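Structure record follows, encoded as C-alpha cells.
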Amino acid sequence: MEHATTGVAILELSITGAILFSIFLARGGREFFLRKIAAFSVIDDAIGRAVEMGRPILFSAGLSGLGVTFFQALAILSYVVRRAAEYGVRVIVPLFASEVYPLTEEVCKEAYRAAGRLEEYNPSDVFFLSNDQFAYASGVVGIMHRERTATHFFLGDFAAESLILAEEGHSVGAVQIAGTPSTLQLPFFVAACDYTLIGEEYYAASAYVSREPIIVGSIKGQDLGKIILLLLSLSGVIGMTLGGKIAIIFQNLFR
Amino acid sequence: MEWLIQLRQIKRQWIYLSLAVLVSIPLFFKIRLPFFVGPQAKGLYEAVKDLPEDKVVLLAMDWGAATKGESMWQAQAIIEHLFKEKKPFVILGYDIQGPQLSEELAEKLAKKYGRNYGEDWFNVGFITGGLPLLLRMAKNFQATFKQDSVKRKPLSTFPVARRIKDINDIGLIIDITGSGTYGDWITIQTTYKVPLAVACTAVITPDLYPFLDSKQLIGMLSGLKGAAEYEALIKGSHRKTTLKMMMSQSMAHLLIIILIVLANIGLYIERRRRRSG
Amino acid sequence: MRIFHPVKDPTLLTVYIVASLVGSFLVLALMHKFLSMRAKGRFITALTFLAGFFYSLEFFLPAKNGKNFLTPWVEPVGDALAVIGAFAFPLGLISLAVVHWGNIRRRREGWYFSLFLFIAMLAMALSAFLNHYAHLSLAKKIYSCLFDGLYIPLGVAMMSTLAFYIVSAAYRAFRVTNVDAILMMGAAIIVMLGQIPFGMWLTSWLPMQGIVSSLRIENVSNWFMTIVNMSVQRAIGFGLAVGGIAMALRVWFSLERGMQMGGK
Amino acid sequence: MVEVIVTWLAALATLGIYSILYKENPIYRFFEHLFIGLGLGWTIFEVWKDVLQPKWWTPMVVEGKWYWIFAFIIGSLYYFIFSPRFAWMARLVISTLMGLSAGLVFKVTAAIYIPQIEASFRPITFHPSIARGINNLLSTIILLCVILYFLFTVSHEKQPLAGASKLGRWFIMLGLGAMFGSTVMARLSLFIDRLTFLLHDWLKVIKF
C-alpha cells in the first residue's frame, strides 16, 4: 500500500484523533482509571531485587532499530535507569543496532541527571554489541553469566533469539520481565520469563510506569482506538453475513 | 517416593543430554515408530500419477540454501517421482539458488533413471518480474523465455520445451517454497484452473490450510515430514534418510511430552504430600 | 534548482564541498553562540515535530498515478537515513572498543578474549576488503576459512541451540499450576502431536471424511492453528496497531518524558 | 584442502557453542568473542560496500553530487554526544531522526494491519458448509473477547466485561500454546541438521 486509500486515511486519522483528543483532555486535568496489570507492579520489585543482591540489571531491546518499538523500550529504560541510579545499581544495555546507540546513550545520561547522580554515570554500561542476530544473542548470554546480572528486561523487537536469552537468563537465576510486539515470540517469553507484557500491554508500559497524566490520556485514546477497530470488524461481519451489496461495500472498504 | 518428586526439578543438563542422545539414535540404528502418510501428500502423489500424457509439470523452485533443511528433501523426492513416472517437467523459480540447486538434484537422479536433459526435463532458471511475468508466460510460454538456464540455448532446441506453447500444455504446477511465493501461483490456478500443489516449510503450513479447504490446492508437502511421506509413497532412494530424520523428530517430540508428564506427576505427588503431611 | 546540479569538474567539486563544510561550521558556531539553551531546546523540539510530517504527509496526501509532491523525495531521504545511520556505526564500534580496550589495558580477568575479538575483527575486515577489491588469492582463502568456516557455522550452531531450549522451556512451563498454564500446555501438546507421524497414527483409525474426521489429531491441530491462533494473533495485532500509532504520536509531539531531546 | 579446514573449523565452532549448554566456560567465551569480532569485521566491510560507497562516496565524488557532503556533516554531529557543551548538536540529529521514523508509523501500520482488518470480515453463514459458519462465528467471538481483554482504562471487575476478558485471556493462552507447539518441529530440525553435519560431513560415522 504505497498511499492511503480514503478508507485507510479515515480509519487511521480517526484513531489518531481519538488519541490526541484524550491527551487534550488529560492535559486539561481529566483523570483516567488504569486497571492493574501484574507485570507493571513488579518492575519496581525486580529493580529492588537487584539492589538487595548488589548485582547489575541487564536491559536488552532485542533487534529493535530506530522506530516506535524502540522508543517504547527507551521510555521504560529511562525509568529503570533512573530508579537504579537512585540505589547505585548498574544497568548494562547491550545494543543490536548501532544507529540507536547515540539516542540510548543520551537517554541513560538524562536518567542519571534526573536522579541527581550525573557524576556516577558510567558511559561504558551502554554499548553497541553486534548487529548479527545470533552474535548478539551469544554476547548477551556471555554478559549474563559473567556479570551475574540479577534482573533482566527484554523489551523491544525480538526474533528467534528470544528463547536463547530467556532460557539462559533463567539458568543464571535472574528475575525476567519481557514485553514485545513480535507476537511470534510471545509463547517463548510467556513460557520462560517471570512476567510478560502481552501485545498492547507493551505500548501501555510507559503510562503504567510513569503514571504521567498525558501518557495515561494516550492510553485512554488507545482504548477508544481499539473500540473503533472492534466496531468496524463486527459491522464487517454483519455486513458479510447479510451479503449482497452491503458485503461488497465492506469488501472494497479499503480498496 | 522422594525421587518421584525430584522429577519436577530435573537439571537442564540431563534434559539436553537426553535430547542429543535420543535424536541421534535413529540416525545410527533402525528405529521404526509407526509412520503415517497424510492425505495431502497422497493428493500430490495421485496428481502426478494421473497427469495426462500430453501435459508437462511445472516445478517452481522458490527456495534457497536458507531452507535447504526442508525444501531440498521435498524437491529431491518430487523430481525422483517425475523421473520414475517418466513425466516431463520444467524448472523455474523466484529464488536465485532454487533452480540451480534443483538442477544439481535432477542431474544426479537422471543418471539413475536414464533421463536426459532436454527430452525429459529442462530448466529456465531464476525468473524476475513476479505475477506479470507468470501471466505473460501463461499466454505465450515460448516468447517469455529466450533461452534455457543450463545450456543457454533457445527453447526450440529442446523437444520437451517445444511441447509447451501456453498454460494449457501444463497439467500440474508444484511450488516448492520457503516463503509466501505460493500467492502468485494460486492466482494462476484460479485464473487458468491448472491443478496446483505446494511443498512448503513447516512454519508456513498453517497459512495453506484455507486453500486446501477451498480445493485451490490439490496437495501439500509440509516440511521434512512431507518429504519423508512422499519418499515413502514413491519408494524413493532417500526414503531411509528422510525417515530416519522423521524418527529423530518423533523421538524429540515424545521426549518433550514425556518430560511434561513426569514433571506434572512429581508436582501432583508433592502437592498431595503437602496437603496430607 | 540549478544549484543542485552535479558538478563534474573536480576542482569545482572540492570548492563546493569545502564551502559546504565551512558554511555548516559557521552556522553551527553561530547557533551555539547566540542561541540560549532554552532556545536550542525549543528548536530541537520544533525539528522533531516538523520531521514527523514528512512520511505521514507523503502517505496521506492523495497521489495521482502513485505520486504526490513528496513521493520523489522518499527514496533520497531513505538513502540519506541509511548513510547517516552508517556514520553512526563507527560511533557504536568505538563504544564497544572502549569496553574491550579497557579490559586489555587494566588486564581485567579474561582480557585476552577481548584481544581475540579485535584480532578476529581486523582479520575478517582485511580479508573481506582484499578479497573483494584486490582479488588476492591468499585473502580469498583466509576469507573463506573465516566466513564459511567460522562466521556462518557459529550463527547456525547458535540458532540450533534453540532445539535444546525449547525442550527445557516446555518442561518448565507446562505445569498444571493455573488455568493459563493448563490451556497453553493442552494446545501445545495437541499441535505437537499433529505434526509428527506418530501423533497422526494415534488417530488414523478415525474415518477420513464426515464430522468424525474433524477429531483426527492433524485436523484438531490445524483447527487450533487456523481458527484459535489466527484470531488471537489478529486481535493482538489490532491492539499493537493502535499502540504503535499512540507511541508514534507521543514521540512526534515530544510527550515522552525520558526522551525529550529538547529538554523539559 | 580449504574444504577440509572449513569443515573442521565449522565442527569445532559448533561444539564450542554447544558447550554453553553444559555451563559458561572459557571455550564458549572464546567462540563468543570470535563470533562478535568476525561479525564486526564483516559489518565494517558491508557498511562500506553496500551503504557508504554506492549511496554516498560514488554519488558525491564520482557523479559530482556535492550536496551529499551534508549527510557526512549531519552524521558527524553524532560524535558530539560525549561533550556536555556541544551535545545539543547530537540531540539535533537524534530528534530529527526520531520525528522522521515516528511519521513512518501510519504507512507501516496500514501495510501490516489493514489486510488483517479486511480478513476479519467473515460471513457467519451456515449454507455452503456448517463448519465454516461455526468457525467464522468462533473467530469473531475470539476477536471480541481478546480485544476486550486489552482495554486498560476500564475496570474488569464488573460483568459482562470480567467474563469476556477472562475468556479473552484463555483464548490467548490457547493461541500461544498452539504457536509454541507448531514451532517445535522447525527448531528441532535446526539441531538435526547440525547433528547430521557433525556425524556425516565431519566424523563420517553415518552415511545417507
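Lettering of chains follows the sequences in order, A, B, ..., and the numbering in each one begins at 1. Only a predicted model underlies this, so the values are computations on that prediction, with no experimental measurement involved.
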Under 4.5 Å heavy-atom distance to chain C, tell me which part of [X] shows up: side chain, backbone, both or neither.
X: D:M89; result: side chain
X: D:F82; result: side chain
X: D:I73; result: side chain
X: D:V47; result: side chain
X: D:I69; result: side chain
X: D:T109; result: side chain
X: D:L12; result: neither
X: D:W68; result: side chain
X: D:Y67; result: side chain
X: D:L188; result: both

>> Taking the six-membered ring of D:F197 as reference, does the cationic atom of D:R194 (NZ for Lys, CZ for Arg) lie under 6.0 Å from its centre and within 45° of its axis?
In response: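 Satisfied, under 6.0 Å and within 45°.
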
>> Which one wins on heavy-atom pair count under 4.5 Å against chain C: D:K55, D:E46, D:K65?
In response: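 Highest number of heavy-atom pairs under 4.5 Å: D:K55.
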
>> Between D:M179, D:R169, D:R91, who has the most heavy-atom pairs with chain C when the cutoff is under 4.5 Å?
In response: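 Of D:M179, D:R169, D:R91, D:R91 has the most heavy-atom pairs under 4.5 Å with chain C.
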
So, for [X] and [Y], is the gap between ring centers shorter than 6.0 Å?
X: C:F253; Y: C:F49; result: yes
X: C:Y143; Y: C:F147; result: yes
X: C:F164; Y: D:F191; result: yes
X: C:F174; Y: D:F180; result: yes

Residue among [options] with most heavy-atom pairs under 4.5 Å to chain D:
options: C:L12, C:L28, C:D148, C:L146; value: C:L28
options: C:A80, C:A187, C:G85, C:A88; value: C:A187
options: C:P153, C:S20, C:G239; value: C:S20
options: C:L240, C:I166, C:T14; value: C:I166
options: C:P10, C:G41, C:G155; value: C:G155
options: C:N229, C:T226, C:L96; value: C:N229

Between [X] and chain D, with a heavy-atom cut-off of 4.5 Å, which part of the residue counts as in contact: side chain, backbone, both or neither?
X: C:I236; result: both
X: C:F60; result: side chain
X: C:A173; result: neither
X: C:I211; result: neither
X: C:M185; result: neither
X: C:L91; result: both
X: C:F53; result: neither
X: C:F25; result: neither
X: C:V228; result: both
X: C:Y55; result: both
X: C:L21; result: both
X: C:F118; result: neither

>> To check you understand the geometry: which heavy-atom pair defines the closest contact between C:L35 and C:K40, and what is its length?
In response: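 It is O-NZ, 3.2 Å.
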
If we count only N and O atoms by modelled type, under 3.5 Å, do the side chains of [X] and [Y] hold a donor and an acceptor together?
X: D:N135; Y: C:W223; value: yes
X: D:N25; Y: D:S19; value: yes
X: C:S160; Y: D:Y18; value: yes

Assign the ring pair [X] / [Y] to parallel, tilted or perpendicular, where the plane angle (0 to 90°) is split at 30° and 60°.
X: D:F45; Y: D:W42; value: tilted
X: D:W48; Y: D:W57; value: tilted
X: C:F87; Y: D:F72; value: perpendicular

> Is any side-chain heavy atom of C:S144 less than 4.5 Å from a side-chain heavy atom of D:V6?
Replying inline: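 Heavy-atom side-chain distance check passes, below 4.5 Å.
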
> Could you go step by step and tell me if C:K8 and D:E63 meet the salt bridge (charged side-chain N to carboxylate O under 4.0 Å, His left out) rule?
Replying inline: CA-CA 7 Å; C:K8 280 289 181 248; D:E63 291 160 17; over 6 Å; no

> Are the side chain of D:T96 and the backbone N or O of D:L92 linked by a donor-acceptor pair below 3.5 Å?
Replying inline: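 It does hold such a pair.
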
